There are 2 protein chains.
Amino acid sequence: MLTERQLLILQVIIDDFIHSAQPIGSRAISKRNDVKYSSATIRNEMADLEELGFLEKTHSSSGRVPSEQGYRFYVDHLMSPFSLSRQDIKRIQAMFGEQLMEFERVVNKSAQILSDLTNYTSIILGPEVFETELKQLQILPLNTHSAVAILVTNTGHVEHRSFTIPVELDPSEIEKTVNILNEKLQGVPIYKLNQKIESEVVTLLKKHTNNFRKTYDYIQAALFSEQPTKLYVSGRTNIMNQPEFKNIDKVRDLFSAIEKEREIAPLLRSQDHGVNVVIGHENEIEAMKDCSLITASYTLGEEHMGTIALLGPTRMDYSKVVSLLNVLSGQMSKTFRAWYQNY
Amino acid sequence: MLTERQLLILQVIIDDFIHSAQPIGSRAISKRNDVKYSSATIRNEMADLEELGFLEKTHSSSGRVPSEQGYRFYVDHLMSPFSLSRQDIKRIQAMFGEQLMEFERVVNKSAQILSDLTNYTSIILGPEVFETELKQLQILPLNTHSAVAILVTNTGHVEHRSFTIPVELDPSEIEKTVNILNEKLQGVPIYKLNQKIESEVVTLLKKHTNNFRKTYDYIQAALFSEQPTKLYVSGRTNIMNQPEFKNIDKVRDLFSAIEKEREIAPLLRSQDHGVNVVIGHENEIEAMKDCSLITASYTLGEEHMGTIALLGPTRMDYSKVVSLLNVLSGQMSKTFRAWYQNY
DNA sequence: GTTAGCACTCCGTGTTATCGAGTGCTAATT
DNA sequence: AATTAGCACTCGATAACACGGAGTGCTAAC
């Protein structure tokens with residue numbers, strides 16, 4: 001168990017280091033008003049804290065730097081709550097005050113605000129709305145050989161895809177099929193669509209349409225194939241302002257990792273709901289080993305919709321970021337709920 | 001006017017430098033099989049070429065490096081045509097062979113291919129389809145106080161936006177208005193919509209609906225407000241592999257510039273159609289002063305749809321990039337045309 | 001338990017020397 | 001007159017070295 005004094009010193013070191021990015025020496029600490037011990041005492045305590053694994057040296061005669069374990073302890077026990085500046089709060093409110101009305105735009109703007117206010121890189125996943133229900137299916141012919149398929153959910157989410165109509169298919173058959181699907185599938189949750197079709201609609205389709213299989217397969221491909229959840233990244237360049245990323249190879253590796261949406265999306269999705277802090281090597285992705293990722297999830301009613309996250313060096317301003325994510329995820333959830341109160 | 005020998009030397013220097021990124025010395029040139037002059041002769045010629053502004057030295061006793069004027073001359077007069085490798089061609093064909101059928105996806109994939117095959121950063125603008133005609137307007141109520149508006153064009157382009165219905169508006173009025181608009185506006189080019197409404201539809205609406213202004217204003221905001229053309233960027237990290245971008249500040253400035261879509265989009269849009277090369281300081285944007293930007297446009301039928309571009313250091317493989325852009329923009333145009341033959 | 005004092009360590013910086021690639025110029029060669 | 005060999009010179013890159021400063025660990029004194 002750490003003593004009061006050790007806690008104080010650890011906190012001071014981490015707070016200082018987060019802002020200065022320089023190893024902290026014993027003299028600098030003992031000079032502070034809130035610390036009334038001599039540098040020698042501090043030195044002894046620092047040696048102990050190092051032995052316990054909370055601090056590290058960059059070389060044998062350097063000041064101390066927090067270890068990952070140190071950050072972990074700080075985040076779990078030491079961090080003092082951060083109050084956002086009046087300005088920042090205004091900025092957030094202003095954004096949600098706009099008559100945006102569009103998931104995409106809210107998410108996009110949120111990403112921008114996050115990266116602007118923190119100077120880190122923001123990543124937002126979503127919104128994904130599994131339990132969303134089908135509102136309308138539509139196939140709109142554009143000319144003799146192409147059409148656009150549109151799917152609308154009860155949350156106002158729209159998916160669409162253009163496709164060519166194979167010559168062997170009869171447009172009127174397609175129309176008939178879509179009509180039946182549309183009628184039978186209203187209100188069915190998206191993730192149950194395929195199942196519902198197979199169990200209830202297929203027999204009906206067989207009865208009312210010729211060449212059922214071909215037509216249906218085609219519509220299936222056009223409408224029901226999964227689209228990957230979108231990832232919104234903002235403030236990529238912020239990371240380059242951090243002194244720990246002066247080295248271009250590091251930056252390249254990190255950027256490459258971020259561009260691999262197939263890997264980042266599941267990572268964000270797998271985080272606990274609520275605010276979540278992943279420090280350094282706790283992170284699975286190699287290139288993020290000296291980054292921290294802080295996530296929070298936003299919801300629609302009770303249902304989880306997506307994740308907002310900030311990516312920065314392990315020397316991150318955890319307390320600011322955590323409270324900012326808290327505020328923003330709350331605002332997003334509140335906004336979405338307001339739009340779909342009776343959802 | 002340059003002599004044959006000067007042309008040869010200039011070409012050799014630029015070709016070499018494009019691949020090595022190292023200043024080229026007289027000895028290295030004279031050793032080549034296709035050059036049969038001594039290093040002293042080459043030195044003399046190089047001094048002349050420098051005086052003429054085609055070459056530069058990095059310091060007083062260094063080898064030569066092409067100047068921007070040198071690159072310009074190379075691009076305009078010296079560049080030998082490049083044949084893409086069988087592999088590269090296959091890759092392109094494979095992509096266009098897929099049953100993609102979606103502007104967005106084609107554009108996205110094209111951006112990826114461009115950056116993959118060149119190791120530069122690709123930027124694609126579009127597609128913007130001004131002369132596109134309205135196919136269908138629709139407003140779909142989601143619940144008592146929100147709805148989604150969908151606009152489809154004859155090219156299969158879909159725009160949509162969710163919005164809340166103000167209490168003072170009558171949903172049935174909205175429906176009536178949309179019905180009228182839909183009926184009267186089919187086939188009207190998007191960019192003429194507002195004009196057409198004012199000149200022909202307004203009177204009709206006034207007759208058939210109450211509270212016309214408010215309802216119409218609302219629909220106008222929901223459906224007809226301009227959405228900025230999308231920008232697709234791929235291979236951002238490629239630029240960091242270039243030795244001229246080892247310096248992180250340069251990279252940051254360049255990245256920041258690329259993120260400013262409001263500035264990049266007009267830049268791409270303003271280029272001449274066909275392939276276009278902008279070298280170094282010819283570029284308007286400060287952060288791109290030591291980059292080159294090569295653009296080409298793609299079309300739907302006769303109509304310009306958008307621009308594909310590659311961004312790299314001034315020491316770019318111009319001949320490869322130019323022919324690649326040529327091939328790809330052609331393929332895109334061909335594909336789009338095939339989809340909408342009777343457009 | 002705390003602190004003053006001191007020897008020691010290591011980074012960062014500036015200096016100097018050296019090496020090599022490349023140039024410009026002059027004089028010799030073709 | 002054009003080309004080339006030869007040579008002195010320039011500059012960047014690299015390595016070796018000394019030195020000052022910030023910081024530590026340890027011992028002994030308070």
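So you know, we letter chains A, B, ... as the sequences are listed, proteins then strands, and number each from 1. Small disclaimer: the values here were computed from a predicted structure and weren't measured. Side chains are part of it too, since the values below use all heavy atoms of this structure and drop only hydrogens, waters and symmetry mates.
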Q: Rounding to a whole Å, what distance do you find between B:His59:NE2 and C:dG24:C1'?
A: 15 Å

Q: Below the 4.0 Å mark, does D:dG25 have OP1 or OP2 next to a side-chain nitrogen or oxygen of A:Lys57?
A: yes

Q: For A:Ile42 and D:dG25, give me the distance from atom CD1 to atom C1', rounded to whole Å.
A: 15 Å

Q: Base, sugar-phosphate or nothing for B:Thr58? Non-hydrogen atoms, less than 4.0 Å.
A: nothing

Q: Among residues at least two apart in sequence or on other chains, which ones pass side-chain contact (heavy atoms from CB on, under 4.5 Å) with A:Ser67?
A: A:Glu56, A:Gln69

Q: Roughly, in whole Å, what's the span from CD1 in A:Ile29 to C1' in C:dT2?
A: 16 Å

Q: Is the shortest side-chain N/O distance from A:Arg64 to OP1 or OP2 of D:dG25 below 4.0 Å?
A: yes

Q: Is it true that, when you exclude B:Arg27 itself, more than 12 heavy atoms of the residues, nucleotides or ligands shown sit nearer than 6.0 Å to its CZ?
A: no

Q: Tell me which of A:Pro23 and B:Ser60 sits closer to the 5' end of DNA chain D, going by the nucleotide each one is nearest to.
A: B:Ser60

Q: Distance check needed: D:dT24 P versus A:Ile24 CD1, whole Å only.
A: 10 Å

Q: Atom pairs, N/O to N/O, protein against nucleotides 3-5 of chain D, distance under 3.5 Å?
A:
| from | atom 1 | to | atom 2 | distance (Å) |
| --- | --- | --- | --- | --- |
| D:dT3 | OP1 | B:Arg5 | NH1 | 3.0 |
| D:dT3 | OP2 | B:Arg5 | NH1 | 3.3 |
| D:dT3 | OP2 | B:Arg5 | NH2 | 3.0 |
| D:dT4 | OP2 | B:Ser38 | N | 3.1 |
| D:dT4 | OP2 | B:Ser38 | OG | 3.4 |
| D:dT4 | OP2 | B:Thr41 | OG1 | 2.6 |
| D:dT4 | O5' | B:Ser38 | OG | 3.4 |

Q: Just checking A:Glu244: does its CD atom have more than 12 heavy atoms from other residues, nucleotides or ligands closer to it than 6.0 angstrom?
A: yes

Q: Rounded to the Å, how far apart are B:Met46 CE and C:dA21 P?
A: 16 Å

Q: Rounded to whole angstrom units, what separation is found between the CD atom of A:Glu51 and the P atom of D:dT24?
A: 16 Å

Q: Just the rounded figure in Å: distance from P of C:dT3 to CZ of A:Arg27.
A: 15 Å

Q: Rounding to a whole Å, what distance do you find between A:Leu55:CG and D:dT24:C1'?
A: 14 Å

Q: Choose from C:dT23, D:dG12, D:dG25 the nucleotide whose nearest atom is closest to any side-chain atom of B:Ser26.
A: C:dT23

Q: Enumerate donor-acceptor pairs with a distance under 3.5 Å from any side-chain N or O in residues 287-297 of chain A to protein atoms, sequence neighbours excluded.
A:
| from | atom 1 | to | atom 2 | distance (Å) |
| --- | --- | --- | --- | --- |
| A:Lys289 | NZ | A:Asn283 | O | 2.8 |
| A:Ser292 | OG | A:Tyr318 | OH | 2.7 |

Q: If the plane angle is over 60° it's perpendicular, under 30° parallel, otherwise tilted; pick one for B:Tyr71 and B:Phe17.
A: tilted

Q: Would you call B:Lys250 and B:Asp253 a salt bridge, using N to O less than 4.0 angstrom?
A: no

Q: Is the backbone N or O of A:Ser26 less than 3.5 Å from a side-chain atom of A:Ser39, with the two atoms forming a donor-acceptor pair by type?
A: no

